[in-house]
Every structure is written in C-alpha cells, then in structure tokens.
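Below: the structure, in structure tokens.
Bear in mind the structure is a predicted one, so any value in this text is a computation, not a measurement. For this chain, numbers begin at 1 and follow the sequence in order.
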Amino acid sequence: MLWLDASTAWTASNTPEDISITAFRFIHTADIHLDSPLKSLALRNPELADLVSGATRQAFSGIIDLCISERVDALVIAGDLYDGDQTSMKTARFLAGELGRLAKAGIRTFIIRGNHDALSRISRELVLPDQVKLFGGRAEHVLIERGPGQKPVAIHGLSFAHPTALDSLLPKYAQAMPDTINIGIMHTSLGGAPGHDSYAPCSPAELQSTGYDYWALGHIHKRSIVTGSSTIVMPGMPQGRDINEDGPKSVTLVSITDDGTVSLEEKQTALAEFARVSIDAGGLTEWSELADSLSHALKQARIQSSAPELVARIGFSGETPLAWRMRRDADLLLAEAEERATRIGATWVEKLEISCTPPALNRASATDPLHEIRALIDTEILNSGAYEAALAQLADTLQGQLPSDLRDLFGADENTTKDRRMQLARQGVEDVLARLQSSPGSGSEPS
C-alpha cells in the first residue's frame, strides 16, 4: 500500500492498452460546499468578496463543462455538495439546472450526502433529473450495463442520515460483485485529519478488503491517493473558500478498464486560488524597497498559480528598521500591496501579517519608557490569570455575537481558542508599541 500526494496523472497498471475503447470513465469530486458563506472577516474588499462568494458556483459549472467535454460516463459526488441548512432554493435551482445539462448530454450523476448535506432542508425536497441518483440512508448499489463483452459497473453508495456518523459505515456496504467493476462512494475522515471532524472512520486496509476496484471518498479537503488492491482517492475540494484552504484545487478524472486498470488524472477547477506569500524584509531600509519586494513576491506567486484568479495573504518577517512603521502604517502598506496586485492583474491581496522586528540596535534601551512598558506587559500582564480571564470573557462575548458559521474564527476547541486569543493579544501589543515608538514625545524617531 502506498500513499501518494496530488499528481497530474497516475495509472495503477503498466499494461499498454487503449482505455478509450473499454474504460468506464467518470469525474470524482466532493466537498463542493455550494454557496458557502464567507469565513473570513478580512475580506473587506467588496469586489474580492463577490469573487470568493461566487467561486464555488463557477467551479461547479466548470466541473459540468469538464464532464461534457471529456464525454465521461458519470459524475460522482462524494458528499458535502451543500454547506448546511442555510442553502436557499436559488441554490437548488442552480444545481438542478447544472445537473440537467449533464442529463441532456447522457451523463449520469451519483451523489451521496455528507455531514453538511444532512443539515440541508432542500437536499430532501429538490427534484433532480432522472439521470441523477441520490443515495439514501441505507446502503445500495446501481448496476450499469455496458456494451457487448464489457463488464457491468456497480456503483455502491450510502448517505449520511444525520450530521454526525461516529461509527464506521463500511459494514453496511455489500462485498464486491463478481465479474463487475465495483465503485464505492463514501464520506469519511478515514483515520482523521487536522481541521476535520472524525466521521465514519475506517482504514484504507479495511476499504481494500471489500474487493472494490475504486473507492470515491469525500470529507477531507486535501487530495490524496492510496494504491493497492483497490484504488482509494480523496479528491480534495474543487474550490477553496479561505486562506486555510490554500493551494491548487481540482477534481479527479478516473478511467477503469475491464482488466482492473485504474488511471487517474487531476483536473484543476478553482476559479480563485488562495496562497500564502512570504516576504523576508530583513535588511530592507527604504519603503520603496518594501514595495518592490511586494511586486516581486506577488509576480512569482501569480506565475506559480494556474487558477484564473489569485488571492494572496502576505506575511512579512525579518529584522528591519521599517518594522515600527510597517505596523503603524499597515493600512498604507495594504494599499500599496493592493495597487501592486492590480498592476499584475488577476491578483488580490486578502490580508497582511506583519511579524517584523526592529534591529537590536534600534530597540528601546533599558532606560527607555517603552522598554519598561514592554517588560511590564510581558512579565506581569500577559502571563497573569486575571488578564487571561478578562481576555476570555471579552472573546466569548464577541464570539457569541457572531453568526454561527463564523464562531470558530477563534478556534474550534479550548486549547486552540486560548492560543488564538493570546496570539491576537500579542499582535495588539506590538501594534500599540509601534504607534508609541513613532509618536511625538516617545523618545524615538520614526523609521
């Protein structure tokens, strides 16, 4: 058994064969999260917000176009087509129209509900084309008869009946049908992954013991492949929604021949790709140098991205005499970054993260009042239980006023939330000290 990272193409057999004649071909996708609400409060640019909010729809339309252009036999969606109970009937009509395009092209669609779909009211009310099979809460299979001399194809599926599935769903699936190409569709966390709840857990070895030729999985948003007696693919999501879902996004084009050869090809689908862009500002002394470094870093990121649009979060680090000014004039630096991105084209700046520090010689001396303030904050305030309690109360109040889909901005568990609060507090301290450092009467000259 072998784990593989995302790749352009892969074949489970070296047998030379014209798979276009006998292969059963389909597009495998999952975790589309149609019309997912914006997760980041940092998207304050209305044009950028419009781009990101409409990206999941455009990516889905692109998947439909891909199915038609590739003349595949089917589209397989392994859960989380919707994004919870906020999905509107407008979304439902869009979905019905897009799947209708596939039906007119003679392409079948097979869908299972994931944990997010189970929350959606319209997923049970929407009338879909006859060519669409939406699996229910009991495991079943659809048998597809093919041409003379070709093996039939059995598509096995099972939907989440509830938003959680703490136990493995695998025992509910039937064993592989003989003399048949067997494809299983499952929404599962496998053995678990950071940032994903543990749902319907099972192991690759358990999946391969079923004898299926291919397992079409969903739930984990990063693409991965397991090879062995069965090919197991987590396709990742076709469109990222925020910076925590950065990097290229895609679907998988699958071809399975009657002799069991499985060929995979990754197809890029994202309209907008999120990317973290790092800039080492160490040694820079002039604002113009900083602006030039922005241009260079954004140009490189734009070249490396294959998506039509690039949404960048820029992180500055290193020792520079500009450190105080960068924090004080962060709004001007953001405007500079946005202007440089506009020049490049199809490039957006979502946020700046500034972790720069002034050179040792420029830091406040022991006799400087700012040195005393920093020492007091570090030793007696940030580490005090009273401060942590007050910070937690303030954060809890703010968190309680946020919409439900934004309440994990401070973290999804107690430890993460605590660390995030302290990180924000330290950033606030640095911002305040930066303003004091460069203000009149502070005893220091602005950089």
Hey, does the side chain of Thr347 reach the backbone of Ile344 with a donor-acceptor pair shorter than 3.5 angstrom? no
Distance-only, no hydrogens or angles: does the Arg327 side chain make a donor-acceptor pair with backbone N or O of Ile354 under 3.5 Å? yes
Distance only, no hydrogens: is a donor on one side chain within 3.5 Å (strictly under) of an acceptor on the other, for Ser61 and Arg101? no
Look at atom NZ of Lys133 and say whether more than 12 heavy atoms of other residues, nucleotides or ligands are closer to it than 6.0 Å. yes
Side-chain donor-acceptor pair under 3.5 Å between His156 and Tyr212, yes or no? yes
Determine yes or no for a side-chain-to-main-chain donor-acceptor pair under 3.5 angstrom, with His187 supplying the side chain and Ala78 the backbone. yes
Side-chain contact, heavy-atom cut-off 4.5 Å: Val76 with Val254? no
Any carboxylate oxygen within less than 4.0 angstrom of a Lys/Arg side-chain nitrogen, looking at Glu245 and Lys222? no
Okay, side chain of Ser36, backbone of His33: is any donor-acceptor separation there less than 3.5 Å? no
Under 3.5 Å, side chain of Glu70 to main-chain N/O of Leu253, donor-acceptor pair present? no
Short question: side chain of Ser250, backbone of Glu266 - any donor-acceptor pair under 3.5 Å? no
NZ of Lys351 to CG of Asp242, rounded to nearest 0.5 Å, is 11.0 Å
Pairwise side-chain contact, Leu290 with Asp292, heavy-atom cut-off 4.5 Å (strictly under): no
Nearest 0.5 angstrom please: Ser189 OG to Ile220 CD1, how far? 6.0 Å
Just by distance, no angles: are the side chains of Asp31 and His219 close enough, under 3.5 Å, to form a donor-acceptor pair? no
Quick one: salt bridge (charged side-chain N to carboxylate O under 4.0 Å, His left out) pairs with a partner in residues 270-290, sequence neighbours left out? none
Is it true that a side-chain atom of Glu350 and a backbone atom of Ile243 form a donor plus acceptor pair closer than 3.5 Å? no
If you take the centroid of each ring, where Trp contributes its six-membered ring, are Trp215 and Tyr173 closer together than 6.0 Å? yes
Roughly how far, to the nearest 0.5 Å, is OG1 of Thr269 from CD of Gln58? 12.0 Å
Output for pair (Ile68 CD1, Leu66 CG), nearest 0.5 Å, gives 10.0 Å
Taking salt bridge (charged side-chain N to carboxylate O under 4.0 Å, His left out) as the test, write out the residues that go with Asp246, two or more places apart. none
Quick check: closest heavy atoms across Gln268 and Pro248, and the distance to 0.1 Å? OE1-CB, 3.4 Å
Is there a side-chain contact between Val233 and Leu264 (heavy atoms, below 4.5 Å)? yes
Under 4.5 Å between any side-chain heavy atoms of Phe274 and Arg313, yes or no? no
Quick check: do Leu99 and Leu95 have side-chain heavy atoms less than 4.5 Å from each other? yes
Show me the donor-acceptor pairs, under 3.5 Å and distance only, between side chains in residues 332-340 and residues at least two apart or in other chains.
unit_1: Glu336; atom_1: OE2; unit_2: Arg340; atom_2: NE; d: 3.2
unit_1: Glu336; atom_1: OE2; unit_2: Arg340; atom_2: NH2; d: 3.4
unit_1: Glu339; atom_1: OE1; unit_2: Arg343; atom_2: NE; d: 3.1
unit_1: Glu339; atom_1: OE1; unit_2: Arg343; atom_2: NH2; d: 3.1
unit_1: Glu339; atom_1: OE2; unit_2: Arg343; atom_2: NE; d: 2.7
unit_1: Glu339; atom_1: OE2; unit_2: Arg343; atom_2: NH2; d: 3.3
unit_1: Arg340; atom_1: NH1; unit_2: Ser295; atom_2: OG; d: 3.0

Are Glu98 and Arg93 close enough that some pair of their side-chain heavy atoms sits under 4.5 Å apart? no
For the side chain of Gln300 and the backbone of Ala297, is there at least one donor-acceptor N/O pair under 3.5 Å apart? no
Any side-chain heavy atom of Gln208 sitting closer than 4.5 Å to one from Ile232? yes
Is the centre of the Phe135 ring less than 6.0 Å from the centre of the Phe160 ring? no
Test item: Ser305 side-chain N/O and Leu310 main-chain N/O as donor-acceptor pair under 3.5 Å: no
Here the gap from Phe26 atom CZ to Cys67 atom SG, rounded to the nearest 0.5 Å, amounts to 11.0 Å
Test your reading of the model: is there a side-chain donor-acceptor pair from Ser159 to the backbone of Arg113, 3.5 Å cut-off? yes
When every non-hydrogen atom of Cys356 is compared with those of Met326, the smallest separation belongs to SG-CE, 3.8 Å
Roughly how far, to the nearest 0.5 Å, is the OG1 atom of Thr109 from the CG atom of Leu128? 9.0 Å
So, Asp35 and Lys90, do they make that salt bridge, N to O below 4.0 Å? no
May I ask you to test the Thr252-Glu265 pair for a side-chain heavy-atom distance under 4.5 Å? no
Which atom of Ala59 lies closest to which atom of Gln239, heavy atoms considered: CB-CB, 3.8 Å
